[in-house]
Amino acid sequence: MESIKKLLNKFLTKEVIFYLIFGVLTTVVNVGVSYILTAFLHIEGNIASTVGIIVCVLFAYFTNRKLVFNSSASTAKEKWSEFAKFILGRAFTMVVEIIGVFFLNNVIHAFYGMFSDNIAYLINKILISIIVIILNFFISKFFVF
C-alpha cells in the first residue's frame with residue numbers, strides 16, 4: 001500500500017492534475033461549441049466540429065500556457081514560437097491518432113472478434129486517445145513550454 005502511495009505522489013503532481021482538469025474542460029468546450037453551432041445556429045455538423053476543434057485547441061493552448069505549465073515566455077516572438085510549437089505538437093498527435101485508429105481498426109481488428117464493430121471502434125478510439133493525451137502532455141512539457 002505504501003508503494004502505491006509513493007507511486008501516486010510521484011505521478012499525480014499539481015501539473016498533471018491541472019492538465020487532466022483542463023483536458024476535460026477542453027473536451028467540454030469542443031463539444032459545447034459544436035453543439036451550440038449545430039443546434040442553435042443550424043451550422044452544418046462538419047463545419048461546426050471544425051470550429052469546435054479550433055476553439056478547443058486555442059482554449060487548451062492558453063490554459064496550458066498559463067495555468068498548467070506556467071510558461072515564462074514574455075516577448076511576442078517567444079509567445080508565437082510557443083504557439084507554433086503547440087500547434088505542431090497537436091498536428092503530430094492528430095496524425096498519430098488517425099494512424100493509430102486506422103491501424104487498430106484494420107490490422108488488429110481480428111483481436112476484437114467477440115465485439116461488434118462499433119464497440120471495437122470505441123475501444124480502439126479510447127486506447128489511442130489515452131496515448132494521444134499522454135503524448136500531448138509530454139510534448140507540451142518538454143517541447144512547447
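Computed from heavy atoms alone, side chains included, the values below leave out hydrogens, waters and symmetry copies.
Residue Ile36 belongs to a hydrophobic cluster whose other members are Tyr35, Phe40, with links defined by side-chain heavy atoms closer than 4.5 Å. Alongside Val95, the hydrophobic cluster contains Ile99 (criterion: ILVMFWY side chains under 4.5 Å).
When the side-chain contact (heavy atoms from CB on, under 4.5 Å) test is applied to Leu20, the partners found at least two apart in sequence or on another chain are Val16. With sequence neighbours left out, Tyr61 forms a side-chain hydrogen bond (donor to acceptor under 3.5 Å, both in side chains) with Arg65, Glu82. Residues meeting the side-chain contact (heavy atoms from CB on, under 4.5 Å) test with Leu58, sequence neighbours left out: Ile54, Phe83. When the side-chain hydrogen bond (donor to acceptor under 3.5 Å, both in side chains) test is applied to Asn9, no partner is found at least two apart in sequence or on another chain. Taking the side-chain contact (heavy atoms from CB on, under 4.5 Å) definition, one finds that Val55 meets it with Val29, Val33, Val51, sequence neighbours left out. The side-chain hydrogen bond (donor to acceptor under 3.5 Å, both in side chains) test applied to Ser72 returns no partner, not counting sequence neighbours. For Thr93, the side-chain hydrogen bond (donor to acceptor under 3.5 Å, both in side chains) partners two or more places apart in sequence, or in a different chain, are Asn136. Checked against side-chain contact (heavy atoms from CB on, under 4.5 Å), Ile4 has the following partners two or more places apart in sequence or in another chain: Leu8.
When all heavy atoms are compared, the tightest approach of Asn70 to Lys66 is OD1-O, 2.9 Å. Ile43 and Ala48 get closest at one heavy-atom pair: CG2-N, 4.0 Å. The two residues Ala120 and Asn105 come nearest to each other via the heavy atoms O-OD1, 4.4 Å. In this structure, Ser34 and Gly52 approach most closely via the heavy-atom pair OG-CA, 3.7 Å. In this structure, Glu44 and Asn46 approach most closely via the heavy-atom pair OE1-N, 3.0 Å.
Separation of atoms OG1 (Thr27) and CD1 (Ile133) is listed at 7.0 Å; rounding is to 0.5 Å. The CG atom of Leu37 lies 10.5 Å from the OG1 atom of Thr50; values are rounded to the nearest 0.5 Å. Note that CD1 of Ile17 is 13.5 Å distant from CZ of Phe11, once rounded to the nearest 0.5 Å. With values rounded to the nearest 0.5 angstrom, Phe59 atom CZ is found 11.5 Å from Asn30 atom CG. Here the straight-line distance linking atom CG of Leu25 with atom CZ of Phe18 works out to 11.0 Å at 0.5 Å rounding.
Grouping the Ile, Leu, Val, Met, Phe, Trp and Tyr side chains by contacts below 4.5 angstrom, directly or via other members, places Phe145 with Ile87. At a threshold of 4.5 Å between side-chain heavy atoms, the hydrophobic network of Ile, Leu, Val, Met, Phe, Trp and Tyr places Phe102 and Ile98 in two separate groups. Ile130 and Ile21 end up in the same hydrophobic cluster when Ile, Leu, Val, Met, Phe, Trp and Tyr side chains are linked at under 4.5 Å. Connection of Phe138 to Phe92 is established within a shared hydrophobic cluster, with ILVMFWY side chains joined at heavy-atom distances below 4.5 Å, either directly or through further cluster members. One hydrophobic cluster, built from ILVMFWY side chains closer than 4.5 Å, holds both Val68 and Ile134.
Under the 3.5 Å distance criterion, the side-chain polar atoms of Thr26 are matched with a main-chain donor or acceptor of Phe22.
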Under the side chain to side chain contact (heavy atoms under 4.5 Å, CB included) criterion, do Asn124 and Phe103 qualify, and how do the steps go?
CA-CA 9 Å; Asn124 293 338; Phe103 178 77; over 6 Å; no
Could you go through Phe62 and Phe86, starting from their C-alpha distance and side-chain angles, then the distance that decides it, and tell me whether this counts as ring pair (Phe, Tyr, Trp, His ring centres under 6.0 Å)?
CA-CA 10 Å; Phe62 288 108; Phe86 185 83; 9.2 Å; no
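Applying the salt bridge (Lys or Arg N to Asp or Glu O under 4.0 Å) definition to pairs two or more places apart or across chains, those involving residues 134-145 are Glu15-Lys141. Each salt bridge (Lys or Arg N to Asp or Glu O under 4.0 Å) pair with one or both residues in residues 87-99, not counting sequence neighbours, appears once here: Glu97-Lys125.
Under a cut-off of 6.0 angstrom, the local environment of NZ in Lys79 is crowded, with over 12 non-hydrogen atoms contributed by other residues, nucleotides or ligands.
Using a 4.5 Å cut-off on side-chain heavy atoms (C-beta onward), Leu127 and Ile131 make no contact.
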